[in-house]
Novice: 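Please read through the structure below; I'll follow up with questions.
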Amino acid sequence: MSDSNTTDFTNPSTFILLGIPGLEAAHIWISIPFCAMYAIALLGNIIILFIVKMQISLHGPMFYFLCMLAVTDLVMSTSTIPKMLSIFWFNSREISFSACLTQMYFVNCFSGMESGILVAMAFDRYVAICNPLRYSTTLTNSAVAKIGLAVVLRSGILALPYPFLVRRYPYCRTNIIPHFYCGHISVVKLACADIRINSYYGLFDLFSAIGMDVFFIAVSYTLILRAIFRLPTKDARLKTFGTCISHLCAISALYIPDLFSSLIQRFGHNVPLHFLILITSVYQLVPPMIHPIIYGVRTKQIRGKLLQLFTHKGT
């Protein structure tokens with residue numbers, strides 16, 4: 001047997017991605033639903049962007065934030081899923097060290113960005129429901145652009161240390177990553193060094209970004225619910241709360257798999273590896289697929305334009 005995988009090296013030229021270890025025989029079958037979900041994510045988010053761009057009536061804060069979410073979903077899923085499918089279909093397991101670090105940065109950056117956009121959308125709902133008379137003066141185009149820029153800068157800066165921390169380690173054990181993409185924890189576990197600083201920074205990033213985002217969303221919805229319960233009639237309360245359903249579904253689709261995956265990675269030492277990776281794939285695939293469906297079905301303006309678009313094509 002060759003000892004190439006155990007030869008000392010500081011920075012390997014390539015890593016080998018295994019896909020889903022233990023389920024190699026089922027890779028082709030697993031690829032079918034994954035490919036379908038990715039296609040739906042691509043098509044759905046592109047349609048959202050097309051409809052908002054073409055319809056002047058949708059050029060408002062809520063739909064600008066929705067477009068930001070759609071772009072983030074497209075980049076987030078495209079940064080990992082094509083490589084996963086190439087592993088499943090063509091056994092293309094190699095990824096260069098630089099590409100691995102780039103993928104790691106994109107995954108961490110855009111997952112943080114997605115969370116930040118959901119906070120911005122929660123703020124949009126808060127202003128619309130709690131201060132409706134100030135909505136147009138508070139969420140101006142300039143304010144929306146500044147919020148979007150702040151989300152991008154925060155996510156980009158917080159994700160920047162990951163590739164630099166990973167690059168400084170020697171890798172003398174193996175270059176085989178038992179995953180379908182270059183996750184931060186999956187890569188640093190291969191290092192022959194003390195990686196506690198990576199674990200500490202990962203927790204810092206989790207609590208400072210995701211934790212803070214969840215806190216602000218919780219505060220926003222506490223104020224929103226208080227305003228809703230003050231409305232005089234049940235119909236008014238239900239109608240107002242109905243405007244938040246899409247956003248609440250989007251929050252659930254992102255945070256529940258993310259939280260579950262993070263907890264299992266850190267504390268689920270007896271959980272089978274293939275199960276952990278499948279959970280991670282849910283986090284990579286489900287939110288980008290679900291978000292356009294949620295907003296396409298639940299948002300009256302988008303649903304109407306979508307039906308109008310297909311009706312015109314059919315006639």
Side-chain angles (χ1 to χ4, degrees), residues 48 52 57-73 110-155 158 204-260 262 286-287 290-303:
I48 292 287
V52 174
S57 61
L58 300 182
H59 290 186
M62 182 178 78
F63 297 102
Y64 289 149
F65 289 135
L66 181 56
C67 286
M68 293 179 199
L69 186 65
V71 171
T72 303
D73 282 336
F110 280 88
S111 60
M113 205 179 296
E114 194 165 23
S115 178
I117 293 168
L118 291 179
V119 176
M121 297 174 88
F123 179 66
D124 171 87
R125 290 299 83 208
Y126 161 74
V127 177
I129 292 171
C130 298
N131 294 288
L133 298 179
R134 297 181 179 178
Y135 184 81
S136 59
T137 56
T138 301
L139 285 171
T140 60
N141 288 345
S142 175
V144 170
K146 289 176 182 176
I147 291 171
L149 181 61
V151 169
V152 171
L153 288 177
R154 185 197 70 164
S155 303
L158 283 175
F204 167 76
D205 185 20
L206 180 66
F207 287 112
S208 63
I210 305 298
M212 187 168 64
D213 290 349
V214 171
F215 172 76
F216 283 129
I217 289 172
V219 170
S220 297
Y221 272 96
T222 299
L223 298 173
I224 287 169
L225 289 174
R226 190 171 69 174
I228 288 174
F229 286 127
R230 287 177 178 173
L231 294 174
T233 64
K234 182 179 178 181
D235 287 343
R237 290 194 289 270
L238 290 174
K239 184 177 180 181
T240 305
F241 184 72
T243 63
C244 302
I245 295 297
S246 298
H247 184 242
L248 289 171
C249 291
I251 291 169
S252 301
L254 177 69
Y255 287 131
I256 290 175
D258 187 21
L259 177 62
F260 195 47
S262 298
V286 170
I290 289 292
H291 290 159
I293 295 174
I294 291 170
Y295 282 96
V297 172
R298 291 289 312 175
T299 307
K300 182 173 66 175
Q301 297 95 320
I302 291 179
R303 185 174 67 245

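The structure presented is a predicted model; accordingly, all values stated were derived computationally and were not measured.
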Novice: Rounded to the nearest 0.5 Å, what separates atom CG in L66 from atom OH in Y295?
Specialist: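 Result: 6.5 Å between the selected atoms.
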Novice: What pairs with F204 under ring-ring contact (aromatic ring centres under 6.0 Å, His included), at least two apart in sequence or on another chain?
Specialist: Y201
Novice: Are any side-chain N or O atoms of S115 and backbone N or O atoms of G112, one a donor and one an acceptor, separated by less than 3.5 Å?
Specialist: no
Novice: Report the distance from atom CG of D213 to atom OG of S208, rounding to the nearest 0.5 Å.
Specialist: 9.0 Å
Novice: Counting heavy atoms not belonging to F241, are there more than 12 under 6.0 Å from its CZ?
Specialist: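 Check fails, neighbour count at 12 or below.
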Novice: How close do L69 and H291 get, counting heavy atoms only, and between which atoms?
Specialist: CD2-ND1, 3.7 Å
Novice: Minimum heavy-atom separation for A253 to P287, with atom names?
Specialist: O-CG, 3.2 Å
Novice: Tell me the closest heavy-atom pair linking Y135 and M62, and the distance in Å.
Specialist: OH-N, 3.8 Å
Novice: With rounding to the nearest 0.5 angstrom, report the OG1 to CG distance, T72 to L118.
Specialist: 9.0 Å
Novice: Going from CD1 on I293 to CD1 on I290, what distance comes out if it is rounded to the nearest 0.5 angstrom?
Specialist: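 Nearest 0.5 Å value for the CD1-CD1 distance: 5.0 Å.
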Novice: Could you grab the distance from atom SG of C244 to atom CD1 of I129, nearest 0.5 Å is fine?
Specialist: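 Between atom SG of C244 and atom CD1 of I129 there are 3.5 Å.
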Novice: If you define the side chain from C-beta out and look only at heavy atoms, does anything of I147 sit under 4.5 Å from L139?
Specialist: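 Yes, close enough: below the 4.5 Å cut-off.
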Novice: Show every donor-acceptor pair shorter than 3.5 Å between a side-chain atom in residues 214-226 and any protein atom, with sequence neighbours excluded, or say none if there are none.
Specialist:
| unit_1 | atom_1 | unit_2 | atom_2 | d |
| --- | --- | --- | --- | --- |
| S220 | OG | F216 | O | 2.9 |
| Y221 | OH | H247 | ND1 | 2.7 |
| T222 | OG1 | A218 | O | 2.8 |

Novice: If I take atom CZ from residue R154 and atom CE from residue M212, how far apart are they, to the nearest 0.5 angstrom?
Specialist: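 Reported to 0.5 Å precision, the distance equals 5.0 Å.
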Novice: Taking it one step at a time, do N131 and T138 satisfy side-chain contact (heavy atoms from CB on, under 4.5 Å)?
Specialist: CA-CA 9 Å; N131 294 288; T138 301; over 6 Å; no
Novice: Go through the steps for D73 and F110 under the test side-chain contact (heavy atoms from CB on, under 4.5 Å), then give the verdict.
Specialist: CA-CA 8 Å; D73 282 336; F110 280 88; over 6 Å; no
